[in-house]
Amino acid sequence: MRHPFLQALTDLFFPRRCIFCGALLSYDGILCRECENDPQIQPRLFRKWLNREAGGNPILCIVPYRYEGKPRDAIHALKFHRKTAAADFFGNRMALTLRHALPPGSVDVITCVPMSRKKERERGYNQAELLAKSVGREYGLPYEGLLEKFRENRIQHDLDREERVQNVKGVYRVRRPGRAVGKRILLVDDVITTGSTCGECAHVLLEAGAREVICAAATAVIREKESEN
C-alpha cells in the first residue's frame, strides 16, 4: 500500500478524476458521486451470441454495458488516451456480471483478443489484456496470453459486416497449441460490434482443442432482440 504522504503528494500534482466524467475526486475512488448513482453506470447482464451468421457453433458473450454514452466514452479513453484506471473498473463490473451468468467452475483460464506487436508497441499496452487481467484478479483465475495476431489486416470499423468476417480470417493463431487443449477459456475484449473478431479468436481456440470458449467484453452493440437479464 502506498504511504499516505506519498499518496497525498501524488494527488496534489496528479489529482484523481472520475473515469466517466472527468470530475475531480476528493476521496479514494475512481467515480464521482454523481456517476456512482447514474443508472447508465449500473451494470446489466447482456447475452450476445457470436458466429450465428457464419453458420458455426454460436459463442456466448457476456457484457455488462451497451456501447453507448458514458461507458463508450470511458472505453475510448482507455483505448486512446491512456486512462488505464478504467480497466480495473470495467474488469470488476465484468466479473460481477459473469458471476450472475455462469455457474461456479465454468472457466479454467482467461485470455484476451491480441493486438499486433506493432500496434501494441505504438499504444504501449493492449486494453483487452488489461481488462482480462483485471477480470482474472476478481475471479482468482490465471491469465494466459494464448493467442497472437501474426498478420496485419485492415481496420475493422471501416468495413461492413461481411467484410469484417473475411478481414479477420487467418489473422490469429494459438501461440503454443497444447496450452489450449481441454481448457474452458474465457476470451476477453473491450468492445463487441459485429462480433467477428472475438468469434474468429474463439474459433481458433476451439480448433486448437479448447473444450469450450466463452467471451466477455466491457461493452457491446446490443440489438433489440438480444437479451438483458
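Worth knowing before you read on, the calculation uses all heavy atoms, side chains too, and leaves out hydrogens, waters and symmetry mates. All residue numbers refer to positions in the sequence shown, counting from 1.
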> After noting the C-alpha distance and the side-chain angles of Val135 and Asn92, does the key distance pass the side chain to side chain contact (heavy atoms under 4.5 Å, CB included) rule?
CA-CA 6 Å; Val135 172; Asn92 172 269; over 6 Å; no
> Within a 6.0 Å radius of atom CD on Gln42, are there more than 12 heavy atoms belonging to other residues, nucleotides or ligands?
yes
> State the CZ-CD1 distance between Arg16 and Ile30, to the nearest 0.5 angstrom.
11.0 Å
> Start with the C-alpha distance between Cys112 and Asp189, add both sets of side-chain angles, then the distance that settles side chain to side chain contact (heavy atoms under 4.5 Å, CB included), and finish with yes or no.
CA-CA 6 Å; Cys112 75; Asp189 204 359; over 6 Å; no
> Check step by step if side chain to side chain contact (heavy atoms under 4.5 Å, CB included) holds for Asp73 and Phe20.
CA-CA 7 Å; Asp73 294 343; Phe20 285 106; over 6 Å; no
> Report yes if the side chains of Cys198 and Leu187 come closer than 4.5 Å at any heavy-atom pair, otherwise no.
yes
> Counting N and O atoms only, with roles assigned by atom type, does the side chain of Arg82 sit under 3.5 Å from a partner on the main chain of Arg123, one being a donor and the other an acceptor?
yes
> If you round to the nearest 0.5 Å, how far is CZ of Arg179 from CD1 of Ile185?
10.0 Å
> Run Tyr65 and Phe46 through ring pair (Phe, Tyr, Trp, His ring centres under 6.0 Å) and show every step you take.
CA-CA 8 Å; Tyr65 294 107; Phe46 296 103; 8.6 Å; no
> For the pair Ser134 (side chain) and Leu130 (backbone), establish whether a donor and an acceptor sit closer than 3.5 Å, ignoring hydrogens and angles.
no
> So, Glu144 side chain and Ala180 main chain: donor-acceptor pair closer than 3.5 Å or not?
no
> I need the Ile75 CD1 to Leu78 CG distance, nearest 0.5 Å.
5.5 Å
> Drop me the distance from Thr111's OG1 to Tyr143's OH, to the nearest 0.5 angstrom.
4.5 Å
> Is the shortest side-chain heavy-atom distance between Lys70 and Cys35 below 4.5 Å?
yes
> Nearest 0.5 Å, what's the SG-CG distance between Cys215 and Leu50?
5.0 Å
> Show your reasoning for whether side-chain hydrogen bond (donor to acceptor under 3.5 Å, both in side chains) applies to Glu120 and Asn126.
CA-CA 6 Å; Glu120 188 166 349; Asn126 176 359; 4.8 Å; no
> Name each donor-acceptor pair under 3.5 Å that joins a side chain in residues 203-214 to protein atoms two or more places apart or in another chain, with its distance.
none

> Do side-chain atoms of Thr219 reach the backbone of Asp190 as a donor and acceptor pair under 3.5 angstrom?
yes
> Grab the two heavy atoms, one from Ser116 and one from Lys149, that are nearest each other, plus how far apart they are.
N-CD, 3.7 Å
> Got a sec, which residues hit side-chain contact (heavy atoms from CB on, under 4.5 Å) with Ala220, two or more places apart in sequence or on another chain?
Lys48, Val63, Ile192, Ile222
> If every non-hydrogen atom of Pro43 is compared with every non-hydrogen atom of Thr97, which pair is closest and at what distance?
CB-OG1, 4.2 Å
> Write down the atom of Ser106, the atom of Leu102, and the distance for their closest heavy-atom approach.
OG-CB, 3.9 Å
> Going hydrophobic residue to hydrophobic residue with side-chain gaps under 4.5 angstrom, can you get from Met115 over to Phe90?
no
> On a heavy-atom basis, which atom in Ala101 and which in Ile62 lie closest, and how many Å separate them?
CB-CD1, 3.7 Å
> To the nearest 0.5 angstrom, please state how far the CD1 atom of Ile110 sits from the CD atom of Glu129.
12.5 Å
> Determine yes or no for a side-chain-to-main-chain donor-acceptor pair under 3.5 angstrom, with Arg184 supplying the side chain and Val107 the backbone.
no
> Might you work through the side chain to side chain contact (heavy atoms under 4.5 Å, CB included) test for Lys83 and Ile19, ending with a clear yes or no?
CA-CA 8 Å; Lys83 303 297 185 182; Ile19 65 167; over 6 Å; no
> What's the shortest heavy-atom distance between Cys18 and Leu25, and which atoms?
N-CG, 3.7 Å
> Inspect the surroundings of NE2 in His76 and state if more than 12 heavy atoms from other residues, nucleotides or ligands are less than 6.0 Å away.
yes
> Any ion pair linking Arg173 and Glu148 (charged N to carboxylate O, less than 4.0 Å)?
yes
> For Arg117, does the CZ atom have more than 12 heavy-atom neighbours from other residues, nucleotides or ligands under 6.0 Å away?
no
> Do you know which two heavy atoms are closest between Cys201 and Pro114, and how far apart they sit?
SG-CD, 4.2 Å
